[in-house]
Number of protein chains: 2
Amino acid sequence: MAQGNDPAHAFAPHDHAACQARGLDEAEARLARQGAKLTPVRRRTLEILLEAHRAMGAYEVLDRLAEDGFGKQPPVVYRALEFLVQHGLAHRLQRLNAFAACAHPGHEHAPVFLICRSCNRVAETEAAPVRDRLSKAAQAHDFTVERATIEAVGLCGTCAEAGRA
Amino acid sequence: MAQGNDPAHAFAPHDHAACQARGLDEAEARLARQGAKLTPVRRRTLEILLEAHRAMGAYEVLDRLAEDGFGKQPPVVYRALEFLVQHGLAHRLQRLNAFAACAHPGHEHAPVFLICRSCNRVAETEAAPVRDRLSKAAQAHDFTVERATIEAVGLCGTCAEAGRA
DNA sequence: GGTTGACTTGTTATTCTGTAACATGGGAAG
DNA sequence: CTTCCCATGTTACAGAATAACAAGTCAACC
């Protein structure tokens with residue numbers, strides 16, 4: 001896995017160009033396999049998320065799309081985002097009412113998000129053990145988990161060292 | 001703990017009057033200790049959440065407050081809800097943009113929510129092991145978790161048995 | 001070639017969610 | 001009884017999301 005998409009480096013400086021290119025490449029490969037199309041709006045939406053390399057509000061993405069000549073009405077961006085989320089190329093962050101490009105597309109996964117309240121960057125990790133425990137806890141309530149939102153807010157190492165408590 | 005507030009029974013029929021009364025009693029005791037006041041709006045807001053015994057949107061609560069002669073503008077309900085959340089008497093459900101009365105106030109806790117997509121009821125559980133795993137996963141990223149949102153969507157036992165898949 | 005039908009995009013309008021900023025009023029501390 | 005804090009009320013607005021409809025694109029099929 002390229003360093004740029006390694007969640008272990010999400011909070012550290014890295015080669016943005018590389019992780020953007022990789023994101024687009026993986027997206028196209030993935031969609032080709034699924035028989036879905038990465039149309040211009042969708043592609044540009046993904047690019048915007050990859051370029052930003054952070055969580056963005058839908059309307060922030062919409063403004064950028066409008067600059068590039070796409071429609072400037074909410075449904076344009078919500079449809080593109082929904083498509084990307086459904087195909088595992090982006091994620092929705094409930095806590096922020098925002099969206100972020102998937103840090104490691106290419107396989108099914110149910111991510112856990114780490115959101116730094118100081119620099120607003122978001123790391124994405126698998127954390128299967130967390131979900132295992134969640135399923136076990138749910139079993140005690142006779143509850144079957146289908147999807148789960150797991151989002152932590154806190155301080156990343158870089159901001160902690162910089163004293164931005 | 002009273003059956004009405006036992007999270008293990010959250011999805012089963014139980015004595016609502018008892019769990020409402022208990023909720024209000026615990027709230028007043030808790031606030032008295034903290035030197036905070038359960039004013040009329042706040043008290044009524046909590047009552048509404050307890051009566052509903054499910055997650056409610058802020059504007060739904062606001063309508064009920066207005067019926068009782070309180071202000072009918074959004075800040076009225078958002079302030080009351082913020083107060084209840086800060087004092088551990090209610091929780092916010094990010095996934096639903098909604099609020100619910102705390103199922104077991106009286107001590108600090110970081111809950112995990114189980115949301116049934118069929119009957120919309122919400123169970124609240126502690127699940128410390130889930131949070132432990134989350135903290136461990138975060139450590140690997142040099143990230144310190146301060147607060148975490150853990151919300152599962154799925155099917156409760158009652159709905160599963162009834163075939164509401 | 002022409003037509004059908006699925007999919008995508010664009011647009012209008014509206015609803016839901018949340019907050020900033022300011023005015024008013026009541027009640028405890030001094 | 002006055003001062004000040006806190007709670008409430010109100011206006012106005014910003015941000016997030018979706019419903020419903022119109023129109024274009026493109027491949028498959030006759």
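Note on naming: letters A, B, ... go to the chains in the order of the sequence lines (proteins, then strands), and numbering restarts at 1 for each one.
The pair A/Arg43-A/Glu28 meets the salt-bridge criterion, since a charged nitrogen lies less than 4.0 angstrom from a carboxylate oxygen.
Rounded to whole angstrom, the span from the CG atom of A/Leu62 across to the P atom of D/dA16 amounts to 11 Å. Whole-Å rounding puts the B/Leu93 CG to C/dG18 P distance at 11 Å. Rounded to whole Å, the distance from NZ on A/Lys72 to C1' on D/dA16 is 18 Å. We find that CZ of A/Phe83 is positioned 18 Å from P of D/dT18, with the value rounded to whole Å. The distance between atom CG of A/Asp63 and atom C1' of D/dG15, rounded to the nearest whole Å, is 12 Å. We find that CD of B/Gln94 is positioned 13 Å from C1' of C/dT17, with the value rounded to whole Å. The distance from atom CD of B/Glu60 to atom C1' of C/dT15 is 15 Å, rounded to the nearest whole Å. Following rounding to the nearest Å, B/Lys37 (NZ) and D/dC6 (C1') show an atom-to-atom distance of 7 Å.
Here salt bridge (Lys or Arg N to Asp or Glu O under 4.0 Å) pairs that include residues 147-162 of chain A, with residues two or more places apart or in two chains, number zero.
Of the listed nucleotides (C/dT12, C/dG18, D/dG9), C/dT12 has the atom at the smallest distance from the side chain of A/Pro75. Nearest to the side-chain atoms of B/Arg92 among the listed nucleotides D/dA7, C/dT9, C/dG18 stands C/dG18. The side chain of B/Gln73 sits closest to D/dT11 out of D/dT11, D/dA17, D/dG9. When distances are taken from the side chain of A/Asn97 to each of D/dT11, D/dA17, C/dT9, the shortest belongs to D/dA17. Here C/dG18 is the nucleotide among C/dT11, D/dT18, C/dG18 with the atom lying nearest to any side-chain atom of B/Pro74.
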For residues 63-87 of chain A, which side-chain N or O atoms pair as donor and acceptor with protein atoms under 3.5 Å away, sequence neighbours left out?
unit_1  : atom_1 : unit_2  : atom_2 : d
A/Asp68 : OD2    : A/Arg44 : NE     : 2.3
A/Asp68 : OD2    : A/Arg44 : NH2    : 3.4
A/His87 : ND1    : A/Phe83 : O      : 2.9

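Taking the nucleotide of DNA chain D with the nearest heavy atom to each of B/Val76 and A/Gly57, the more 5' of the two is matched to B/Val76.
Checked by atom type and distance alone, the side chain of B/Glu124 never pairs as donor or acceptor with a backbone atom of B/Pro111 at under 3.5 Å. Panel note: side chain B/Arg54, backbone B/Asn120; no donor-acceptor pair is recorded below 3.5 Å.
At the phosphate of C/dC7, neither OP1 nor OP2 sits under 4.0 Å from any side-chain N or O atom of A/Arg42.
A donor-acceptor contact under 3.5 Å is formed by the side chain of B/Arg79 with the base of D/dG9. A donor-acceptor contact under 3.5 Å is formed by the side chain of A/Tyr59 with the base of D/dA17.
No aromatic stack links A/Tyr78 and the base of D/dT18, using centre distance under 5.5 Å and interplanar angle under 30°.
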